[in-house]
Every structure is written in C-alpha cells, then in structure tokens.
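The block underneath contains the structure these notes are about, expressed in structure tokens.
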Amino acid sequence: MEYLESFFKAEDPDGYRKLAERGIMVGFPVSINGKTHRADNGIGYHSTVKFFDPDKDTTDKVHEIAGKLQFTPPNPKNTKIEPGMFKDRNGNDVYVLKLHGEHADQIKDHNSKFSHMGFPAAFQYTPHVSVDKDTWQQIVDSKAQTAHDAGIKFHSAELKQGHTTVKQYQPPKQKVDEDLAASEKFTGTSLNNQPLIPSPGAHSHRTLSLHHGTKSEHPVDSFDLKHQRSGFYPGVYTTTDAQRASEHGRPMLVDFKGHIFNIKSPEHAEALHRHFGGGGSGHKVVEGLKAAGYHGISRGNEHIIFDPKHAVIRKSEELAASEVPLDSLEKGAIKNMATAAVMAVGLAGASPAPAQASDHAKNPVVDYSSDKMLRTISDVESSGGKFTNHKAINKPMHRGEKAFGKYGLTPALIRDTVKMHSDLKHKYKKATRLTGENMKRFMQDNPALEQAVAERHVSRLEHHFGKNPEKIGFGWLNGVAGTYKAIKEKADIKSHWHVQKIKNAFNKN
Amino acid sequence: MNIDEKEISHTEEAGTLDDSPVKMLRTRGGLFICVGKPRGHAKERALAAGSHPAIVKYNMEKQYPNFQPSLMKSEMHSDNSVVDNHSHFLSDELRKSGHDLYSIQEGFSVSFKVTHQNIEKYNAVGQIVGRDLIISKISKMDPSLAKSMAGAVTEKALDMKASSVKVEVK
C-alpha cells in the first residue's frame, strides 16, 4: 500500500526516487541538452514504455515479451513534444513532455503488449518524459515544437530493475548497421561514394504481395490517401508481416508491382531528408523519389506505396480460390482468415487451388455484391429491419439468447467477430463480455457495430465459400464449420429451407 | 436552453468545433455545459451538458467527431480522467426516461454516476488498492438500479484489470 501511494508522489522527488530504486521498467533513456539525470532527485530522464509490479512481475517474464519487440529510439526531429501537467492523487503537479509522432505511436503499441502486467490501469497511457519543474519551464519558454528543438535525445531501450540495466534493446537494423553507420558518409548527393538516389532498374523492381490492416468498417476496394491517419511518409502503409498488419486493423492483401527504394538505416533516412528537405514530414522525400522514378520505399518489412493506384487490393474470390480450409484455423490457431489465406498461398506456392475451392471461382454468380448479399440477409432475417424482435435460440451454444437487429446477429457471433478483429476489439471490447439484454442495449447504443459485424461476417463467409449466395445463406444459419461439414457430407444445401429463402430474396434484390 | 449570466460561475476554453471556439461553462448549480457554434449555426448554443466536465467532454467527442479538445488549465480540465459509458446495464425503462450510467476514473479513484437528464442522481465511489477495486460509498438506490450499478462496477473492474471487487461501505 505504501509502495503504491508513493507511486503517485511523482513530484515528491524523494518518493519517486525510492520507487525507481525498486521498480522494474522498460523504457528509453533520454538526455536533455546533454544532461542525463534530473537535478531534483538524481533519477535518469527516460521515456517509460511500461512500469512493472516488482511483487508479481519478473525481469525474465518482461524480457520474454520485450525481446520480441523492435525498440526504435524516437527520432527527435520527427517527434513533437507537448508540455503538460498531470495531478497525482495528492494534488501534486507532475511535469511532463508528452510525445507525439510515429515513434511515440510505436511506444504506445509496445505498452499495450504488456497490458496484462504491471499495476491496474490508473491512467490512460501517453508516451511522455517526466521532468523537473525548472527544465519543464525552460522548454515551455523556448517554445520548442520537437524533441530536437528541446535538445532531447533518445537512446537504446533498456530493461531496468532499480538502477541496474538488465537488458539493452538495440534497434534491429542498428545491430547490423552500427559499423556501416560509422562508415556511411553522406556528401551531398552520394552515400558511401555511391549515388544517394540511384536510377531505378532491375535491382529495384519488385512484384510483391503485401499486408495492410484497415480500420475502415466498410469494404475497401481501393485506397485513398485522404484517409491516411498517421505516418512520416505519405502513402499506403503495408508490410510483409501479416501478423503486424492485423494488429492495425482488418487484414487485407495488397499486390504491388514497381520500383522500391530501400532505406537501409536511420542514417540513410537522415541523408535523404537532408537532401530533399521537408521539415517535420517526409513529403519532400516522397516527391523527390517519385520524380526519380520510384513507386515506394521499404524500411525493413514495411513498404510504403506512394500512389494508391499501385496498391491493388486483392479481391476475396482470389483469396478463397487459393485457400485450403483447415480445421485448425477455425479453432483459432491462426488469428484471422487473411493470415490463413496467405499461409495457404505460401504453402501452395500460389499454384492452382483445390477443386472444392475452385468451383465458385470458376462459376461466379452473376450480379453478386456484398451489399446485395447483406440486403438479402436482412430481408430474410427481419423483412428488411421491420421485425427485429427475434425469438430466444435454445441451442446449447446460444443459451437462450436472442438474435439482434435486422441481420439476426446472434450474441455469440457478435462476441466472436469483435474478438477476431483488432480494430473492433479496440473500439468495442465491452461487447466481448456482454450477454442477453445487456448485449442488446449495447448494440442499440452502437449502431455502427451491427453493420460492421454483419459486413465482416459476410466477408468471412465469402472468403470461405466464395460469392455464392446459397453457401453464404447456409453458413449464416449453420456457421462456417457447419457448412464445411455439410459440404463434406455432400448434403443437399440448395434444397435447405433457409437457402431457398435466401435464393428467392437474392433474385428479388 | 437560455442561461442567465448570473447563473454562470466559471467559463473556460474547452476546444474548437469546425474551427469555432467551444467554451465550458459551470453553473452555480453545478452543471457543466459546453457551448459553441457548430457549422451552419450563427448563434452559440448548448452542445452538451453533464454533472461532470469529463462526462461533457466525453459526450462532445462522441456527438461531434470534429470537436478538438484543448488542454484545459483549471480544475475543470479533467484531462487525465477516463470516462466510460455503462448505460447498457440500465433497464429499457430507465434508458427511455433519460437515465445514463457513467464511470469516471481519475488516477486510482473511480466514481460511478447515474444521471437523469444529465443531472446526477445516484453515485458510488471506489478506489483501486493493490489489485482490488474497493467501493467505499454508495447512494441509497432501489434494487434494479443497484443491479445496474453492479454491472458497471464489474465492467470497470475488468477494464482496470482488478482481480476482485469489494464493498466496504461504513
């Protein structure tokens, strides 16, 4: 209790010092105008990623997770600062510099990886550096906008227990490029005596299948840079890491063909920035590389495509045609179906699909669209939203709960769909725990969620069974596993009563 | 809503909406109101109201996606408050009659408020101590409201990763 109380006496420098001497922390050491420690309590300046509970967390457990993360020290020139103040529970002022920008977002992302550890969430986590009052005031008076303007530098992340550094985490490229960086010399238009911007050629041409995670709740056919939420360079952000993409939103596969400029290291990026100029963003670098004939840049496994017309979203029937349905995927071994599809493509080497999946690819239904399918389902389930007072479902998995809304979404389906999509889970996490009338009221309060769940589930069924209203209609009632079982047993799906209703409604729509 | 100047005890800048300033007023009666001029309106109007500035800001951000809150300086700032809506635990009748249920977390303290037409009617107050959420104060309320409150407290405790909820009302 005493320990926890002192946690909040952060502007009680002595209390803060005692806390730091016991605590376990992952964070980036910071220096401010060459000074590494606070003048008031001798604690090193740092930007904490996560503070742990030494009574229940151990450095080994922390390192198990931290060792798998990429800790890139924030680039001070690209990190904006916002002086602020928190109040601790005793009313003491805590002086902080809040951090904003791409690397600050990464810090937030890393913090979320440790959400099951540490103390119960007392504050909404914001990346920041705590400073003494005098330093804070100096920075406010200087009107510094970026960490660089304020004389702030970030150093390699560390896992510390008290004053002891247990582990240090070098940024991955930096490990390999440390010597390279020492020898890399930027002189105007050259880097290491090679042209800084070589002409695109065979060496730079790529044909790639990349992953993108979208937060859009609606089907996405093409990208529009107006919807870009963040990122130093303007463009469509993709990655070769499917898991990473799914952490940013609903996963999508994107095909790219063109010239990629590889940024080898932070020093290389710095050289480009100096060459093209551009202040606090990468716009001028992108414009310059575009003028040189490049269509995108790569940084490790991240690929940023400049022009949306070069980022072609792969349609769902192309995904379904290449997938091998595996029971283990349905059981949650893989987080999302797009990842599964990509793995299947990788295993099959993008070779011709199994006969079962290829049937619908060979015989696509004319005049099919996801919107039309949703309208059809709405017509069948509730006469287009007129009759939404659904009966209780007495099957064991539904435990007497009632379906909701115009699409007849079962609470079990709502819970599962929200869990399966990180963007929905981020926004509607409560829905994963609610049941019965509480779930119904939550859905009433969040109408966008009903539409999002319906669209994602149709998309999932299309992914498995293609744009086939009969199979989708059967799947809407019997689930994905139930539909595969029926197909395997060669059941007469077309004659099923629900499928007949779907077919009739589909033809009328 | 017409607000007499004499009823206003405090005014502070709350942010902008469609590039137009938004102010947070506190009335002598303890109600907080955001006023501003949304796009298409020539006159200032009340945009959101509530019994706590954090609730008002929460509702502003929900109702007006273009609302940009500013860093507020005084005790009205509640910049570090975490507001959550738990109204789905209220019965249909209570919801239809204008009741809402919120939690406001400030550091280790959490308060739960049942409001009727934005005026606080009932509350419960708790603190996180160790890994327990301890409720130390609850207004007298009827059993159906108590059940809703229990749902909200449990939901909040889960979000805060507390391992148990205790009621220690003296």
Side-chain angles (χ1 to χ4, degrees), chain A residues 1-10 53 55-57 82-94 96 98 112 114-126 128 140 404 411 427-449, chain B residues 54 58-59 62 65 70-75 77-96 99-110 126-134 144 147-148 150-152 154-165:
Chain A
M1 177 70 170
E2 183 189 294
Y3 176 78
L4 284 174
E5 276 180 342
S6 63
F7 179 73
F8 281 96
K9 292 183 183 178
D53 180 352
D55 291 332
K56 72 174 181 59
D57 300 319
E82 180 196 343
M85 272 195 285
F86 301 144
K87 278 199 183 291
D88 67 22
R89 59 189 280 186
N90 294 318
N92 295 314
D93 287 334
V94 179
V96 298
K98 295 185 206 175
S112 69
F114 299 104
S115 59
H116 59 292
M117 303 174 81
F119 298 96
F123 294 99
Q124 203 161 42
Y125 174 75
T126 307
H128 65 276
V140 167
F404 173 83
K427 203 171 171 185
Y428 302 109
K429 193 176 176 184
K430 288 192 176 85
T432 61
R433 300 182 206 122
L434 295 172
T435 59
E437 292 293 298
N438 294 330
M439 170 68 93
K440 181 198 89 183
R441 288 187 284 257
F442 184 82
M443 294 299 289
Q444 285 170 346
D445 292 344
N446 295 278
L449 179 56
Chain B
Y58 172 86
N59 285 324
K62 277 203 116 180
S70 60
L71 192 67
M72 294 166 81
K73 297 168 193 69
S74 76
E75 52 125 23
H77 67 269
S78 301
D79 279 335
N80 297 317
S81 305
V82 178
V83 177
D84 214 345
N85 187 315
H86 306 280
S87 301
H88 42 275
F89 287 110
L90 294 171
S91 68
D92 291 337
E93 291 70 32
L94 282 172
R95 284 155 59 91
K96 278 179 197 160
H99 287 82
D100 285 293
L101 174 47
Y102 296 98
S103 65
I104 303 168
Q105 180 188 346
E106 285 162 313
F108 280 153
S109 295
V110 190
Q127 284 207 323
I128 280 278
V129 180
R131 297 194 66 80
D132 300 331
L133 173 56
I134 300 179
S144 65
K147 196 175 165 190
S148 305
T154 307
E155 189 167 70
K156 186 63 185 174
L158 285 168
D159 284 341
M160 294 174 82
K161 298 193 177 26
S163 54
S164 69
V165 176

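Note that the coordinates shown come from a computational prediction; the quantities given were computed from them, not determined experimentally. Below, chains carry the letters A, B, ... as their sequence lines are ordered, and counting in each starts from 1.
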ask   = Are A:K430 and B:D84 ion-paired here, with the side-chain N under 4.0 Å from a carboxylate O?
value =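 Salt bridge flag = yes for B:D84 with A:K430.
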Atom [atom1] of [X] and atom [atom2] of [Y]: how far apart are they, to the nearest 0.5 Å?
X	Y	atom1	atom2	result
B:S148	A:R441	OG	CZ	7.0 Å
A:M439	B:H88	CE	NE2	10.0 Å
B:K62	A:N446	NZ	CG	5.5 Å
B:R95	A:D445	CZ	CG	4.0 Å
A:N438	B:E155	CG	CD	8.5 Å

Within 6.0 angstrom of B:K147 NZ, more than 12 heavy atoms from elsewhere: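 Not more than 12 within 6.0 Å, no.
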Heavy-atom side-chain contact between B:L158 and A:K429 under 4.5 Å: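 Not touching, per the 4.5 Å side-chain cut-off.
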- Message: For a side-chain contact (heavy atoms from CB on, under 4.5 Å) check, start with the C-alpha distance between B:F89 and A:L434, then their side-chain angles and the critical distance, and finish with the verdict.
- Response: CA-CA 10 Å; B:F89 287 110; A:L434 295 172; 3.8 Å; yes
Where does B:L90 contact chain A at under 4.5 Å (heavy atoms): side chain, backbone, both or neither?
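Contact with chain A involves the backbone of B:L90 alone.
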